[in-house]
Structures are given as structure tokens and as C-alpha cells.
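The next block holds one structure in the form of C-alpha cells; read it before the comments.
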Number of protein chains: 2
Amino acid sequence: MPKNKQDLLQGTLDLLVLRILNSGARHGYDIAKHIQLVSKDVIQVGQGSLYPSLHRLEKRGYIKAKWDISETGRRAKFYQLTADGKKKTSEEENKWQEFTTAVNLILKNG
Amino acid sequence: MPKNKQDLLQGTLDLLVLRILNSGARHGYDIAKHIQLVSKDVIQVGQGSLYPSLHRLEKRGYIKAKWDISETGRRAKFYQLTADGKKKTSEEENKWQEFTTAVNLILKNG
DNA sequence: TATCATACCTCGACATTCGATGTATGCCAA
DNA sequence: TTGGCATACATCGAATGTCGAGGTATGATA
């Protein structure tokens, strides 16, 4: 049982990050804000979860980083999807759909 | 990133178990079979995941166990929901809906 | 000048899943 | 009768991921 709502995040954070980067490069701080905004505050990713996720994805070759200047004029590390990352995104998206469909079947049928 | 599809299970297994017991007492082995059946083989719970889950839920007072005889005539531990467990089930079900809605928002809007 | 938002990061505690392994019984087929 | 399979319980250690707390630094705003 998840300690709280946040824990449901398990296994899904990387997919969210990939999916967000699919529509353009962003830096970490921005990704966190974006997730919170689009999810209407339901999902709030702490930095202690987000940065490990970004480093994980980078290490696995799904995203790559480039230092640049943010909208506010500060140094920031912008991440963008690689070709592998794009492929991975749709794979994981399919798995997510398949999985939630399966869970919903059980929730309906008991 | 989950190693495989199974890992998506994270944080959801307890909900599935609760929801299944909501329609009547079952024993562990039966719960595993049932999940696999209803989910059309998408979700396969190993015993190394299921039994810890059952013991967790029992310790927290959401289910209680009783030894009985299974359909095949063997000794088996039947679990049934407690009042707390029923309440918990609908709480967790709501959280699940809220969470998947939020994730789907991000998957749609990038 | 102090505090807040931006922006990066790491660390340790904690929980969970997973595969492997172990026990035991009953049934069926060779 | 013996070997294997399905039933049914359980535990263990490795691996993974999340989380909260903490740390650094800068620029803007009050």
C-alpha cells in the first residue's frame, strides 16, 4: 500500500518525463513545474525523485543534456529526447495503456 | 524505468487484492490465478509479491485470515475484508482513478 | 539586507517487487 | 510405485525507486 498518493508514481515518472520531452527540450525545474501544472496539482514530483530520473534516462541513452540559458536568464540543463528515447516513449506508453486497462478490468469485475 | 511490465505493478498490487476480496473471501493461490485470468494474462503476480502483500494488509487490519478447505479439498488460508478494509478499498480506488486521470492528462498534452 | 524563486545536486531511510528457493500434499499417468 | 505436476503455504536477498532533507549558488524583489 502506498504511503501516500505520491507513491503511486512508482514506475511512471520516467514515462512522464519522456512524454513531456517529446514536445520539446526542457530543463529539470521546468519539467517539475509542468507536471504539476498539467496534472492540476495531483502529481507533484520532488527534486529528489526528478533528478535521479533524469540521470537514469540520460545514462540509458533516452535523453541527452545540454547547458543553455533558461527563460529567466539563468544557466540550466536542457534535456531532449534521443531517437532511442522516442522509441522508448511509445513503448512505455503502450505498456502503460495495457497495464491500466488490465487494472481497470479487475477493478470493474472484482 | 521499470525493468519489465510487471514492475508497473508497483503500488497497485494491494489495491487489486483488496478489490478482489471485496466480492468474497479467497485464498492466496486463488487470488493470483484470478488476477491472471481477469487481466487476461497481462498481470501475473508472483508468490514472492502476493504473500507479502497479504501479510501487509492483514497486519494493517484491512483483511483477516481463516484456515479452511479449498475447492480442491486442501487446507488453505482464506482472506476476507474487514470493515476498515472496505473503506480502504474505495479510498485507494479513488486515488487510483485520480492518479491515472492525471497521468493521462500528461500523456495527452505532453 | 533578507528572503524568495530559480536551478542544480546528493544522501540515507524506507518500501516494494522479483526470482529463487523451500516445505508439503494430493492426484494422475507411465 | 514412482515420478511429475498442480495446489498451497512461506521466506530470503538483491535490486530498484521514491521521498524528505539537506546542500550550493544566483538573481530578483521587498
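Lettering follows sequence order; numbering is per chain, from 1. In this text, all values refer to a predicted model and were calculated from it rather than measured experimentally.
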Expressed in angstrom and rounded to an integer, what is the separation of [X] atom [atom1] from [N] atom [atom2]?
X: Gln47(A); N: dA7(C); atom1: CD; atom2: P; result: 11 Å
X: Leu13(A); N: dT16(D); atom1: CG; atom2: P; result: 17 Å
X: Gln36(B); N: dA6(D); atom1: CD; atom2: P; result: 12 Å
X: Leu50(B); N: dT11(D); atom1: CG; atom2: P; result: 12 Å
X: Tyr29(B); N: dT25(C); atom1: OH; atom2: C1'; result: 13 Å
X: Arg75(B); N: dA8(D); atom1: CZ; atom2: P; result: 12 Å
X: Lys66(A); N: dA7(C); atom1: NZ; atom2: C1'; result: 18 Å
X: Tyr51(B); N: dA8(D); atom1: OH; atom2: P; result: 9 Å

Looking at Gly61(B), is its backbone amide N or carbonyl O close enough to the side chain of Thr82(B) to form a donor-acceptor pair, meaning the two atoms are under 3.5 Å apart?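 Between the backbone of Gly61(B) and the side chain of Thr82(B) there is a qualifying donor-acceptor contact (under 3.5 Å).
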So, the side chain of Ser53(B) versus the backbone of Ser49(B): is there a donor-acceptor pair under 3.5 Å, distance only?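 No, because the side chain of Ser53(B) does not come within donor-acceptor range (under 3.5 Å) of the backbone of Ser49(B).
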Pairs satisfying ring-ring contact (aromatic ring centres under 6.0 Å, His included), at least one member in residues 31-52 of chain B, at least two apart: none
Which nucleotide in the list [options] gets nearest to the side chain of [X]?
X: Ser70(B); options: dA8(D), dT10(C), dA7(C); result: dA8(D)
X: Ala76(A); options: dT17(C), dA7(C), dT10(C); result: dA7(C)
X: His27(A); options: dT10(C), dA10(D), dA7(C); result: dA7(C)
X: His55(B); options: dT11(D), dA7(C), dT7(D); result: dT11(D)
X: Tyr79(A); options: dC9(C), dT10(C), dT16(C); result: dC9(C)

How would you summarise protein contacts on nucleotides 24-30 of chain D per nucleotide, using B for base, S for sugar-phosphate only and - for none, with heavy-atom distances below 4.0 Å? --BB---
Below 3.5 Å, can you tabulate the donor-acceptor pairs from side chains in residues 103-110 of chain B to any protein atom, sequence neighbours excluded?
residue   : atom : partner   : partner atom : Å
Asn104(B) : OD1  : Trp96(A)  : NE1          : 3.2
Asn104(B) : ND2  : Thr100(B) : O            : 3.1
Asn109(B) : ND2  : Leu105(B) : O            : 3.4

Can you sort out the partners of Ala32(A) under side-chain contact (heavy atoms from CB on, under 4.5 Å), two or more places apart, ordered by chain and number? Leu50(A)
Those residues at least two apart in sequence (or on a different chain) that pass side-chain contact (heavy atoms from CB on, under 4.5 Å) with Thr72(B) are Ser70(B), Arg74(B)
Could you pull out all residues at least two apart from Glu93(B) that satisfy salt bridge (Lys or Arg N to Asp or Glu O under 4.0 Å)? Arg19(B)
Between Arg56(B) and dC14(C), is there a contact of a side-chain N or O with OP1 or OP2 at under 4.0 Å? no
Would you say a side-chain N or O of Lys33(A) is under 4.0 Å from OP1 or OP2 of dA7(C)?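 For dA7(C), neither OP1 nor OP2 has a side-chain N or O of Lys33(A) closer than 4.0 Å.
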